[in-house]
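Before any comments, here is the structure.
These numbers were taken from a predicted model, which means no experiment stands behind them.
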Amino acid sequence: MIFLKIDISRIEKETGAYIDFYIEQNISPLDFQGEKIVFLKPFCVIGKAINVGEFITLRGTIKSAMELHCHRCLERFELCFSTDFNEEFPLNTKVIEGEIQEGIKDHIIDIRNLVENTVLLSLPMKRLCDENCKGLCERCGANLNKEQCSCVTEKIDPRLAVLKQLLQNENDED
Ligand SMILES: [Zn+2]
Ligand SMILES: [Zn+2]
C-alpha cells in the first residue's frame, strides 16, 4: 500500500469484512491560505476500512509533525499532530462522463485528498511557538524571546524609570 492508496478488493464483496491498514508516506509541502506548510516527518496513517454494505467506511488517525511560523514572533517551530478521520466511500459509484469522481476506482481508494484535507483542517487558528511567546518588539522588531531590547524599558512604570535613569547615570560616571 503505497502513495496513500488502500486496496479493498479483499473486503468489497462481503458486508462486515474489514482490513486494518498502516501507511507511512512522505508528503510534499502544502499551500494553505498563502502559507507553505512543510512536514518534518512522514505521515503515519493508521486505520480500518470496513465494508458496511453500501459503503466502505474509513476510520483512522494521521500522525506527523509540521513546521509552522509563530504568529507572534514569526520564528519557525515544530508542531506534532494527531488527527482523526472518518469517511465513507460508496461501493457503487456511477462514473459520470467528464467528471472527476472521488471514490473507489479499480478496487483502490485513494486517500491522499482525504488525508491532506483532514490535516489542513486540523491546523490551529492561533499558531504560537509557545503559549508564553513574548513576540516581537513593536518598535525595533527584536525577538523578545531571545533578547531584551532597550525599547522595553520605556514601558516600565515611570517611577521605576526614574530609578533606572539614576542607576544609568551612576554607571556613566564610572
Ligand atoms: Zn513565538
Ligand atoms: Zn525594541
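- Nearest heavy-atom pair across C44 and Y22 is SG-OH, 3.5 Å.
- Closest approach of R127 to F32, counting heavy atoms only: NH2-CE2, 4.1 Å.
- Between D7 atom CG and I109 atom CD1 the span is 9.5 Å, to the nearest 0.5 Å.
- A 6.0 Å sphere centred on OH of Y18 holds no more than 12 heavy atoms belonging to other residues, nucleotides or ligands.
- Rounding to the nearest 0.5 Å places NE2 of H107 at 6.5 Å from NZ of K13.
- Here OG1 of T61 is found 12.0 Å from NZ of K48. Values are rounded to the nearest 0.5 Å.
- Both I111 and F81 sit in one connected hydrophobic cluster of ILVMFWY residues. Membership requires side-chain heavy atoms under 4.5 Å apart, directly or through other members.
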side-chain contact (heavy atoms from CB on, under 4.5 Å) between D130 and F77, intermediate numbers included:
CA-CA 9 Å; D130 187 286; F77 69 98; over 6 Å; no
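- E54 CD: 12 or fewer foreign heavy atoms inside a 6.0 Å radius.
- Residues I23 and I50 do not share a hydrophobic cluster, clusters being chains of Ile/Leu/Val/Met/Phe/Trp/Tyr side chains in contact below 4.5 Å.
- The heavy-atom pair separating P90 from I104 by the smallest distance is O-CD1, 3.5 Å.
- Criterion: ILVMFWY side-chain heavy atoms under 4.5 Å apart, direct or through other members. Under it, L79 and I37 are part of a common hydrophobic cluster.
- Remark: side-chain polar atoms of N143 are not paired, donor with acceptor, to backbone N or O of C73 under 3.5 angstrom.
- Residues E35 and L68 approach most closely at OE2-CD2, 4.2 Å, considering heavy atoms.
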>> Does L4 form a side-chain contact (heavy atoms from CB on, under 4.5 Å) with Q25? I'd like the steps, not just the answer.
In response: CA-CA 7 Å; L4 298 172; Q25 171 88 50; 3.9 Å; yes
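- The SG atom of C140 sits 6.5 Å away from atom CD of E147, with the distance rounded to the nearest 0.5 Å.
- Between E24 and K41 no salt bridge is recorded (no basic side-chain N to carboxylate O distance below 4.0 Å).
- Between I8 and I11, some side-chain heavy-atom pair lies under the 4.5 Å cut-off.
- At a threshold of 4.5 Å between side-chain heavy atoms, the hydrophobic network of Ile, Leu, Val, Met, Phe, Trp and Tyr places V38 and V119 in two separate groups.
- Here the closest non-hydrogen pair linking N132 and R72 is C-NH1, 4.4 Å.
- Considering all non-hydrogen atoms of both residues, S64 and P42 come closest at OG-O, 3.6 Å.
- No continuous path of ILVMFWY side-chain contacts below 4.5 Å connects L128 to L136, so the two sit in separate hydrophobic clusters.
- Ion pair K146/E75 flagged as a salt bridge, since at least one NZ, NE, NH1 or NH2 atom sits closer than 4.0 Å to an Asp/Glu carboxylate oxygen.
- In this structure, T57 OG1 and N86 CG are separated by 6.5 Å, a value rounded to the nearest 0.5 Å.
- N51 contributes no side-chain N or O that, together with a main-chain N or O of A17, makes up a donor-acceptor pair within less than 3.5 Å.
- Contact check for E67 versus E78: no side-chain heavy atoms found under the 4.5 Å cut-off.
- For D106 (side chain) and I108 (main-chain N/O), no donor-acceptor pair under 3.5 Å exists by modelled atom type.
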Take F21 and L58, measure what side-chain contact (heavy atoms from CB on, under 4.5 Å) needs, and give me the verdict at the end.
CA-CA 10 Å; F21 58 88; L58 286 187; 3.9 Å; yes
*Check against side-chain contact (heavy atoms from CB on, under 4.5 Å), F85 and V45*: CA-CA 10 Å; F85 62 90; V45 186; 3.8 Å; yes
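- Between M66 atom CE and I27 atom CD1 the span is 11.5 Å, to the nearest 0.5 Å.
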